[in-house]
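Have a look at the structure below before the remarks.
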Amino acid sequence: AQSVAQPEDQVNVAEGNPLTVKCTYSVSGNPYLFWYVQYPNRGLQFLLKYITGDNLVKGSYGFEAEFNKSQTSFHLKKPSALVSDSALYFCAVRDPRGLIFGQGTELSVKP
Amino acid sequence: DTEVTQTPKHLVMGMTNKKSLKCEQHMGHRAMYWYKQKAKKPPELMFVYSYEKLSINESVPSRFSPECPNSSLLNLHLHALQPEDSALYLCASSQAGDRGYNEQFFGPGTRLTVL
């Protein structure tokens, strides 16, 4: 069965510092991996996805993610965090039935 | 138009009421989804429609009844709900077919409270 894990419930970063939100995956076959962000009382917004090709994927709002096959990881990164990046972040993997989400990581960026 | 809309935004209902949640998209997507999300938890898949046919029902209780009247609309009919059904209900859409790399676009959700 496909699954993803987000090992950190919460990540705290100072504004202007780089941020990383971690995700590891377990899949059979080629992984289709996604990152979504959810602001309070809102739906999920698609940030980026990995299908195949370059291991560094660029997405919306300055986010990027690095696919690492040997470490089975797909960490989300941003070079310089903004206070407005504070939100709940979900990593997801495509399963034949739909998207399987990780437990989520709450990102808090302080000024 | 890359938006999925959901109505109502908020809904409070008693355990004997019947209500419906509505979802609409005009992106030409032929796959539509209902998810249930509890606070600060990941969304849980409930139903999947592909080309207006129900393709997946994740063992959801019969008090939830989905309907896809056309390719742009998705409804979720609610009847005799329980307080534990209180949650954010999210609708999503995507390109259909076997292409697992198609991202899903989510609506803002309906916040449901069952008294």
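What's counted below: heavy atoms across the whole structure, side chains too, no hydrogens, waters or symmetry copies. We name chains A, B, ... by the order of the sequence lines, and we start the count at 1 in each one. Keep in mind the model is a prediction, meaning the values are calculated, not measured.
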Checklist entry - For Y25(A), what residues pass the ring-ring contact (aromatic ring centres under 6.0 Å, His included) criterion, not counting sequence neighbours? => result F67(A)
Proximal component of [X], with respect to chain B [non-hydrogen, under 4.5 Å]:
| X | result |
| --- | --- |
| L88(A) | side chain |
| Q45(A) | neither |
| Y36(A) | side chain |

Checklist outcome for this item: So, the part of Q37(B) with a heavy atom under 4.5 Å from chain A: the answer is side chain
Checklist entry - So which part of K40(B) gets closer than 4.5 Å to some heavy atom of chain A, the side chain, the backbone, both or neither? => result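 Both parts, heavy atoms under 4.5 Å.
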Next on the checklist: Is there a side-chain contact between H75(A) and E66(A) in this structure, where contact means two heavy atoms from C-beta onward sitting under 4.5 Å apart?
Outcome noted: no
Item to check | Any L107(A) side-chain heavy atom under 4.5 Å of D85(A) side chain | outcome: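 Side chain of L107(A) against side chain of D85(A), heavy atoms only: contact under 4.5 Å found.
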Checklist entry - What do you reckon, is CZ of R30(B) surrounded by more than 12 foreign heavy atoms closer than 6.0 Å? => result yes
Checklist entry - So, does E58(B) use its side chain to make a donor-acceptor pair with the main chain of V48(B) at under 3.5 Å? => result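 No; judged by distance alone, with no hydrogens or angles, the pair does not exist.
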Checklist entry - Relative to chain B, which of G43(A), G98(A), P40(A) shows the most heavy atom pairs under 4.5 Å? => result G43(A)
Next on the checklist: Looking only at heavy atoms and a cut-off of under 4.5 Å, which of Q104(B), K9(B), K41(B) has the most pairs with chain A?
Outcome noted: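 Looking at each option in turn, the highest pair count goes to Q104(B).
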Next on the checklist: Is the ring pair F46(A)/F105(B) parallel, tilted or perpendicular, if the boundaries are 30 and 60 degrees?
Outcome noted: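 F46(A) vs F105(B) ring planes: tilted.
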